[in-house]
Amino acid sequence: MSELEDIARRLIGEKAILDEAKVLHDQTREAAASVLDPGDRKDLGELGMVYMTKPKAAWKIVDQA
């Protein structure tokens with residue numbers, strides 16, 4: 001197998017893995033949004049921490065004229 005063929009196979013395989021990982025990641029974020037409220041956090045020690053930030057207030061000014 002040539003170097004180019006090897007790289008092409010890797011690119012195709014990695015793309016398939018990344019596409020599926022994105023689908024799973026989106027599903028997990030949707031699930032997390034259903035159980036976390038803004039300001040919630042879950043610390044899992046050495047593994048890390050998950051939290052949902054509090055939304056920032058934003059002013060919106062509309063000039064009807």
Side-chain angles (χ1 to χ4, degrees):
M1 179 180 330
S2 72
E3 182 180 10
L4 177 56
E5 189 175 72
D6 180 52
I7 291 171
R9 287 176 182 270
R10 286 177 29 211
L11 286 168
I12 291 168
E14 290 167 6
K15 174 75 167 114
I17 291 167
L18 291 171
D19 286 350
E20 187 58 26
K22 171 84 168 88
V23 170
L24 294 173
H25 181 66
D26 291 344
Q27 291 171 351
T28 302
R29 289 182 67 86
E30 187 175 321
S34 71
V35 296
L36 290 170
D37 292 320
D40 284 353
R41 64 187 326 163
K42 179 63 179 169
D43 189 346
L44 297 177
E46 291 182 17
L47 185 60
M49 180 177 51
V50 173
Y51 60 93
M52 183 176 284
T53 59
K54 294 182 180 180
K56 294 181 180 178
W59 288 95
K60 190 179 273 190
I61 301 171
V62 178
D63 184 355
Q64 296 298 335

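Here the structure is a predicted model, which is why all the values come from computation and not from measurement.
Dense packing is recorded around CD of E14, with more than 12 heavy atoms of other residues, nucleotides or ligands lying under 6.0 Å away. Heavy atoms of other residues, nucleotides or ligands lying less than 6.0 angstrom from CD of E30 number 12 at most.
Taken to the nearest 0.5 Å, the CG atom of L24 stands 11.0 Å off from the CG atom of D19. In this structure, the separation between NZ on K54 and CG on D40 is 9.5 Å, given to the nearest 0.5 Å. Interatomic distance, CD1 of I17 versus CZ of R10, reported as 11.5 Å (0.5 Å rounding).
Residues passing the side-chain contact (heavy atoms from CB on, under 4.5 Å) test with R41 are M49, Y51, sequence neighbours excluded.
Taking every heavy atom of both residues into account, G48 and D43 meet most closely at O-OD1, 3.5 Å.
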